[in-house]
Number of protein chains: 2
Amino acid sequence: MPTTESAAVDACPDKRVRADAQRSMDALLTAAAEVFASSGVDAPVREITAKAGVGTGTLYRHYPLRSDLVAAVFRHELDACADAAPVLAEQYEPMEALSRWLERLQGFFATKRGLSAALHSGDSAYEHLPDYFRSRFVPALGSLLDAAAAAGEIRADVDPQELLNAVAQLSMGGPIAGEGYATRMVQLLLNGLRYSD
Amino acid sequence: MPTTESAAVDACPDKRVRADAQRSMDALLTAAAEVFASSGVDAPVREITAKAGVGTGTLYRHYPLRSDLVAAVFRHELDACADAAPVLAEQYEPMEALSRWLERLQGFFATKRGLSAALHSGDSAYEHLPDYFRSRFVPALGSLLDAAAAAGEIRADVDPQELLNAVAQLSMGGPIAGEGYATRMVQLLLNGLRYSD
DNA sequence: TGCGTAAGCGGAACACTGTTCCGTATAGTC
DNA sequence: GACTATACGGAACAGTGTTCCGCTTACGCA
């Protein structure tokens, strides 16, 4: 999960973390979740540290890269989204499961201000974030795509990584994106998977 | 074209511009084109002004918003892309013309580092840029879509603005975007337009 | 319980970047 | 050549990411 030696309590439960450090990390996570929701994942560090009541040095100590903080804040929700794939696969026909999961995925990105843009920014502060998302979402999407292809409902030649990237991008909205834009575009991609010459 | 009272020589030929001012603007356009190509449209102003041999105040005087500079640098190429639509419409069947133009559009964005991201950034420095692009590309795309729909080759219910936005976003590439990613995704959108239940 | 020391702290300092503004320079007209 | 409007450059300023060092806190051990 975290790709740097930080937030050690989560990555290595055997490692001792002092009580004050744990308090700082908890405060930062709470504050960051609020600030991300209101100002986006690229909000200034001072906004987060002020809300958390800790110093900026403390933030960097526990979360050396912004992607470490972003990953920590969204981890549970991301896991829940990825884990929804097999559940949907059991409840619905392959095509329906795929469609519903993509809708879930799109909703995940849509409610995280600036997350999709951050993933595509190439900014070194988000260096490890794409890998993190890919590691959880690509297997989920891959299995749904395989099932739908095996059922003869879609073509079998789309790369799950590419489709994931496309959904993330379309979820950014945009200067003209009205209500339902991303949903319509993702649906169009799905229809493209169904189309055969 | 320019949405602010700058680069007056182009917007209002009657207005006198001093020779030194014209030299400054020319130098800035030349430098910006180079810097945008190597560092992207969000390169620091100091990089552009240093290359142009002018002061930063001079850059803001002639191009108050970054979007003014971006629009000026890419104007000819953007016009040429938009003007290619009717030409392709004459030479090819509607579906083929649409496909080729989207490929042309995608290539336009792909060769402009950071342009697509800038369009979607919401940054006030790029405030007028989306409108500029929309004003030239939406009519072009709209007529191609109409022709293909009239020929019964695609559904008639896609909004050209939305499709334009989607192509721009997919042209951003991304952390996993390999060779031809954007082309494949745009093709998938096109296939989606052809698909009917 | 007290001591020693490692872990952790906060925020000033620093570098980078966007933007403004003012004293000086240049261009154009008469 | 003189006058004046236009244009100049870059220092100053504010915002932001990041580092680092003197000080503080927590924990383990005797």
Side-chain angles (χ1 to χ4, degrees), chain A residues 4-9 11-12 14-29 31-32 35-36 39-70 114 118 121-127 129, chain B residues 4-9 12 14-29 31-32 35-36 39-70 114 118 121-129:
Chain A
T4 55
E5 300 299 322
S6 63
V9 64
C12 183
D14 295 336
K15 196 163 192 180
R16 288 165 302 181
V17 176
R18 277 178 23 182
D20 56 347
Q22 186 62 56
R23 282 199 301 274
S24 294
M25 286 189 276
D26 292 341
L28 281 167
L29 285 182
V35 171
F36 287 168
S39 306
V41 299
D42 58 344
V45 293
R46 285 179 175 85
E47 191 176 342
I48 297 167
T49 54
K51 188 173 280 284
V54 304
T56 57
T58 299
L59 183 146
Y60 282 95
R61 187 174 300 107
H62 298 298
Y63 304 101
L65 292 178
R66 183 172 284 260
S67 57
D68 300 323
L69 185 59
V70 171
S121 68
D123 185 338
S124 60
Y126 298 110
E127 185 177 325
L129 208 54
Chain B
T4 56
E5 299 299 322
S6 63
V9 63
C12 183
D14 296 335
K15 196 165 191 178
R16 286 165 304 183
V17 176
R18 276 178 24 184
D20 57 346
Q22 187 63 54
R23 283 199 299 273
S24 294
M25 286 189 280
D26 292 341
L28 281 166
L29 285 182
V35 171
F36 286 166
S39 305
V41 300
D42 57 343
V45 292
R46 285 179 174 84
E47 190 177 341
I48 297 167
T49 55
K51 188 174 280 285
V54 305
T56 58
T58 298
L59 183 146
Y60 281 96
R61 187 174 301 107
H62 297 298
Y63 304 101
L65 293 177
R66 182 175 283 260
S67 56
D68 300 323
L69 185 58
V70 170
S121 68
D123 186 337
S124 58
Y126 299 110
E127 184 176 326
H128 301 301
L129 209 53

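All heavy atoms count here, side chains included; hydrogens, waters and symmetry mates do not. Given the structure is predicted, the values throughout are model-derived calculations rather than measurements. Naming convention: chains lettered A, B, ... in sequence-line order (proteins, then strands); numbering from 1 in each chain.
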Does D:dA7 have OP1 or OP2 under 4.0 Å away from a side-chain N or O of B:His62?
no
Query raised in the report: Any side-chain N or O of B:Thr56 under 4.0 Å from OP1/OP2 of C:dG18?
Result: no
Which heavy-atom pair separates A:Val17 from A:Met25 by the least distance, and what is that distance?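 It is CG1-CE, 3.7 Å.
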Mapping A:Asp42 and A:Thr58 onto DNA chain D by nearest heavy atom, which one lands closer to the 5' end?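 Counting from the 5' end, the first nearest nucleotide belongs to A:Asp42.
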Assign each of B:Gly53 and A:Val45 the nucleotide of DNA chain D bearing its closest heavy atom; nearer the 5' end lies the nucleotide of B:Gly53
Using atom [atom1] of [X] as one end and atom [atom2] of [N] as the other, report the distance to the nearest whole Å.
X        : N      : atom1 : atom2 : answer
A:Asp20  : C:dG10 : CG    : C1'   : 13 Å
A:Tyr60  : C:dA7  : OH    : C1'   : 21 Å
B:Leu59  : D:dA7  : CG    : C1'   : 14 Å
A:Tyr126 : D:dG17 : OH    : C1'   : 11 Å
B:Glu47  : C:dG18 : CD    : P     : 10 Å
B:Leu65  : C:dT19 : CG    : P     : 8 Å
B:Arg46  : C:dT17 : CZ    : P     : 8 Å
B:Met25  : D:dC8  : CE    : C1'   : 13 Å

Tell me, do [X] and [Y] make a side-chain contact under 4.5 Å, heavy atoms counted?
X       : Y       : answer
B:Leu29 : B:Leu69 : yes
A:Val70 : A:Tyr63 : no
A:Asp20 : A:Ser24 : no

Any N or O donor-acceptor pair under 3.5 Å from the base of C:dG10 to the side chain of A:Arg61?
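Per atom types, the contact qualifies.
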Donor-acceptor pair present, B:Arg66 side chain and C:dG18 base, under 3.5 Å: no
Evaluate A:Tyr60 against A:Leu65 for side chain to side chain contact (heavy atoms under 4.5 Å, CB included), listing each step before the verdict.
CA-CA 7 Å; A:Tyr60 282 95; A:Leu65 292 178; over 6 Å; no
Between B:Arg23 and B:Ser124, which has a closest nucleotide on DNA chain C that is more 5'?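 In this pair, the answer is B:Ser124.
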Review point. If you pin B:Ala19 and A:Gly55 to their nearest nucleotides in DNA chain C, which one's is more 5'?
Key: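 Upstream on the strand: A:Gly55.
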Which range-with-range stems can be found for DNA chain D when each stem has 3 or more Watson-Crick or G-U pairs in a row and both distances sit under 3.5 Å?
->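 If one scans DNA chain D for consecutive Watson-Crick or G-U pairs, the stems found are C:1-30 with D:1-30.
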Enumerate donor-acceptor pairs with a distance under 3.5 Å from any side-chain N or O in residues 45-58 of chain A to protein atoms, sequence neighbours excluded.
from, atom 1, to, atom 2, distance (Å)
A:Glu47, OE2, A:Ser39, OG, 2.9
A:Thr49, OG1, A:Val45, O, 3.1
A:Thr49, OG1, A:Arg46, O, 3.2

Q. Can you check whether A:Ala21's main-chain N or O pairs, donor with acceptor, with A:Arg61's side chain at less than 3.5 Å?
A.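 Between the backbone of A:Ala21 and the side chain of A:Arg61 there is no qualifying donor-acceptor contact (under 3.5 Å).
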Next item on the list: Check every strand shown and say whether A:Ser24 touches a base, only sugar-phosphate, or nothing at a heavy-atom separation below 4.0 Å.
Entry: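 Touches sugar-phosphate only.
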